Participant: 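Dropping a structure here in structure tokens format, bear with me for questions.
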Amino acid sequence: MQLLKQQILPLVEEAIASLGKTNLPVENMLQPSRELDQGDLTLPCFPFAKVFKMPPAAIADALASAIPEHEALGEVLATNGYLNFRISPQWLASQLLEGAMDTIHEVSKRSVLIEHTSANPNGPFHVGRARNAILGDTLVRLHRLWGHEVTAEYYVDDMGKQVAVLAWALEHLSQTDVESLLHDREASNPTWEGKADHQRVRWYQAAQKLRQDEDEAPAIEKAIGELVHASENGNEDVLQAFEDAYQPVLDGMLETLGRLGIQFDRFTKESRFVTNGDVGDLMDELGALEINGVADNGAQYLDLGARGLKGKTEFFYRRGDGSSLYATRDIAYHRWKWSMSNELINVLGEDHKLQAQQVGLTLEELGQERPEVVFYSFIKLPEGKMSTRQGNVVFMDDLLEEAKAQAAKVVSELRPDYEQETIHQIAEAVGTSAVRFNIINVSPEKGFSFRWEDALSFESGSAPFIMYSHSRACSIHRRVSSLKASDVDNGLSIPDELPPGLVDLLRVLGRHNDCLRKVVHEHRPHLFAEQLLHLANGYNAFYRDCYIIDEGKVNQFFYQVSELARSVLRKGMVGLGITPLETM
RNA sequence: GGGCGUGUAGCACAGCUGGAUAAUGCACCGGCCUCCUAAGCCGGAGAUCGCGGGUUCGAAUCCUGCCGCGCCCGCCA
């Protein structure tokens, strides 16, 4: 808890100096207490044992009696060799109500470019692919909450084989061809009939199937190869045909993301770096590097083994025919990104780890920094891997519909008096928020299993739990606002005795910005999800212990605390992409 | 075969820049609506932290060797 640490660090350092030593790394050792019932900050005294030639417990005792009284300190207790500091709840309350939470953000404003999602525009999002978007968008929101200037960017893969396949299929296959090729597959869900991502992915899948066919394949491969080649040489007609093929698909995908509250500030097309000459210049520069190598057919690569890469060390950036590769364009893209921002963050699936290494090492070779990368593992289904080919995927659109339907069922049971329109609004907010939370709640590097049961859980440990606490605070706000001024006690005095639920809430609030700081710097949004759960939990306990409106009179102190919690909850929810409903 | 990641209660997961009784949710058992929304609150039970060594006053956390799972090792994207 930084709030307390700032106050007492000098006291602790003096106390240690009084035992005869200075220059010990006290600042790092004074840490947030592991066990919250022990206190707020803890100084383990074991490492001091050798220095002072005393048992740790005796050191803790000596330090405890050497710490002077301080307004911020509730109690200082030495137990089992630990020196525990408990914050004064009254002091904490006064600090928080005076706006302590608004003032401790960093002064320097950074401009951060976060690239996420960047999925190939060839079909609808399934839950696995959507993890990228949810993670990325949450990072965008949390950085903004922290005060950074953020650009959210989608890198559009508008050239290369995947789009070529789609464009070829749309040009050469009729609807009848497609459906007969896919006769053994599940039909597409009629709900999404008007959505181009669900429609056109059938053409893509049909073409993929044809490419497996021995008789058909050679001619198709030749045609697609020509398209790819033309796109990589910047052929404008071909690029235009590609765009006509993928743009409706991309629009459909973005519609899904929009429902989740995910938006982008900029779309940058991959072909841009080919047509403007950046890729060509880049390849010339790479060719002049010391670690450059040339294959028999003229293809070029960098030997990154010389720069510490293990395994396969040759990184090819230029084909034998002189054209560029995906990673080459990615490097050109990164140099362009660096020209605009002082921090780059990419969100990538774990399958891109090697590629990210190659891009990063090459950027360093060119004298540029490497971007920070947040990798995530794939979401599995209980039946196994999520795979479009095998048909065992959960589409985001289907999940969102199901979540909304479940939520609507719960709302109409819980609030029978609500009108249909209200129920739908609440259900949409609850459904989308729950889906986001269920995914962001898990640390990115962990591959987790998607289960409908969890995704549609609206109880403790879910987004609706947080939303519910927030709506309680809103309800109180509305009631107080509607009271006559004479019923509101204007004096703000903090009582000597505070109920436990209130103290817990204050302490959660006191830790809130510590958590946000960590999350923003270490790119670990799941910890912020946990913090909001604690906050909601804390608010519920406070709500239980403290009657804000009692017998028609408002307790001003309680009300101020409730209002602070309401505001922190609301901002935090926005930070996670949870809709802050005022009633539910 | 090599590289990277992961393995924590029946299930799903926090904690992993070493610190005191391993946190949370689901499921399970018991209690709380004449009082600001019970999508809530309180209590209970449930864990050889994958297995074996090592470093340390102290290891879920660091090192090492096994084992399981995932991803990668294309002049694809």
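Given the structure is predicted, the values throughout are model-derived calculations rather than measurements. Proteins come first, then strands; the chains are lettered A, B, ... in the order of their sequence lines, and each starts at number 1.
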Participant: Counting side-chain heavy atoms from C-beta on, which of B:C76, B:C36, B:C72 comes nearest to A:Lys161?
Facilitator: B:C76
Participant: What contact category does A:Arg34 fall into here, base, sugar-phosphate, or nothing, at under 4.0 angstrom with non-hydrogen atoms?
Facilitator: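 Base: the residue A:Arg34, judged by heavy atoms under 4.0 Å, touches a nucleobase.
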Participant: Which part of the nucleic acid does A:Ile548 contact within heavy-atom distance under 4.0 Å: base, sugar-phosphate only, or nothing?
Facilitator: base
Participant: Give the nucleotide from the list B:G3, B:A39, B:C76 with an atom nearest to the side chain of A:Lys310.
Facilitator: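 The answer is B:G3.
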Participant: Using the P atom on both, measure B:A12 against B:A27 and round to a whole Å.
Facilitator: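 Pairwise P distance, B:A12 against B:A27, rounds to 15 Å.
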Participant: Looking for any heavy atom pair under 4.0 Å, which part of the strands does A:Pro56 touch: base, sugar-phosphate only, or nothing?
Facilitator: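 No contact.
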Participant: Classify A:Ile426 by what it touches in the nucleic acid, base, sugar-phosphate, or nothing, heavy-atom distance under 4.0 Å.
Facilitator: base
Participant: If you check the A:Val430 side chain, which of B:A39, B:A38, B:A14 turns out closest?
Facilitator: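 The answer is B:A39.
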Participant: By the 4.0 Å heavy-atom rule, please label A:Asn84 as base, sugar-phosphate, or nothing.
Facilitator: base
Participant: Is A:Ser469 touching bases, backbone alone, or none of the nucleic acid, heavy atoms closer than 4.0 Å?
Facilitator: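 Here A:Ser469 touches no strand at all.
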Participant: When all nucleic acid strands are considered with a 4.0 Å heavy-atom cut-off, which category describes A:Glu232: base, sugar-phosphate, or nothing?
Facilitator: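 Sugar-phosphate contact only.
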Participant: Select base, sugar-phosphate, or nothing to describe what A:Thr42 touches, counting heavy atoms under 4.0 Å on all strands.
Facilitator: base
Participant: For RNA chain B, which residues in residues 319-331 of chain A have a heavy atom at a distance below 4.0 Å?
Facilitator: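 Result for residues 319-331 of chain A: A:Arg319, A:Gly320, A:Leu325, A:Tyr326, A:Arg329, sorted by number.
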Participant: What is the distance, to the nearest angstrom, from the OH atom on A:Tyr376 to the C1' atom on B:U6?
Facilitator: 17 Å
Participant: Looking for any heavy atom pair under 4.0 Å, which part of the strands does A:Met29 touch: base, sugar-phosphate only, or nothing?
Facilitator: nothing
Participant: Give one of base, sugar-phosphate or nothing for A:Cys474, where a contact means two heavy atoms less than 4.0 Å apart.
Facilitator: nothing
Participant: Strictly under 4.0 angstrom, non-hydrogen atoms only: write out the protein contact profile of nucleotides 22-34 of chain B, one letter per nucleotide from the 5' end, B, S or -.
Facilitator: ---SS--------
Participant: Taking only the side-chain heavy atoms of A:Arg479 (C-beta and beyond), determine which of B:C36, B:G15, B:C75 contains the nearest atom.
Facilitator: B:C36
Participant: Please indicate whether A:Lys310 has more than 12 foreign heavy atoms, meaning atoms of other residues, nucleotides or ligands, lying under 6.0 Å from its NZ.
Facilitator: no
Participant: Could you check whether A:Met584 gets within reach of a base, just the sugar-phosphate, or nothing at all, counting any heavy atom under 4.0 Å?
Facilitator: base
Participant: Between A:Phe315 and A:Tyr301 (judged by ring centroids, cut-off 6.0 Å), do the two rings come close enough to count as a pair?
Facilitator: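 They do not qualify: ring centres at least 6.0 Å apart.
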Participant: Ring-plane angle category for A:Tyr155 and A:Tyr333, please: parallel below 30°, perpendicular beyond 60°, tilted otherwise.
Facilitator: parallel
Participant: Assign A:Val411 to base, sugar-phosphate, or nothing according to its heavy-atom contacts below 4.0 angstrom with the strands shown.
Facilitator: base
Participant: Among B:A39, B:C36, B:U17, which nucleotide sits nearest the side chain of A:Lys518?
Facilitator: B:U17
Participant: Using the P atom as the reference point in each nucleotide, state the distance between B:G7 and B:G54 in Å, no decimals.
Facilitator: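 These two P atoms come out 24 Å apart once rounded.
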Participant: Could you please name the option among B:C57, B:A77, B:C75 that lies closest to any side-chain atom of A:Glu270?
Facilitator: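 From the listed options, B:A77 comes nearest.
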Participant: Does A:Ala295 reach a base, just sugar-phosphate, or nothing at all? Heavy atoms under 4.0 Å.
Facilitator: base
Participant: Starting from Watson-Crick (N1-N3 plus N6-O4 or O6-N4) and G-U wobble pairs under 3.5 Å, report the runs of at least three that RNA chain B belongs to.
Facilitator: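 So the stems come out as B:1-7 with B:67-73, B:10-12 with B:24-26, B:28-32 with B:40-44, B:50-54 with B:62-66.
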Participant: Between A:Phe528 and A:His512, is the ring centroid distance below 6.0 Å?
Facilitator: yes
Participant: Touch check for A:Lys409, heavy atoms < 4.0 angstrom, all strands: base, sugar-phosphate only, or nothing?
Facilitator: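 No contact.
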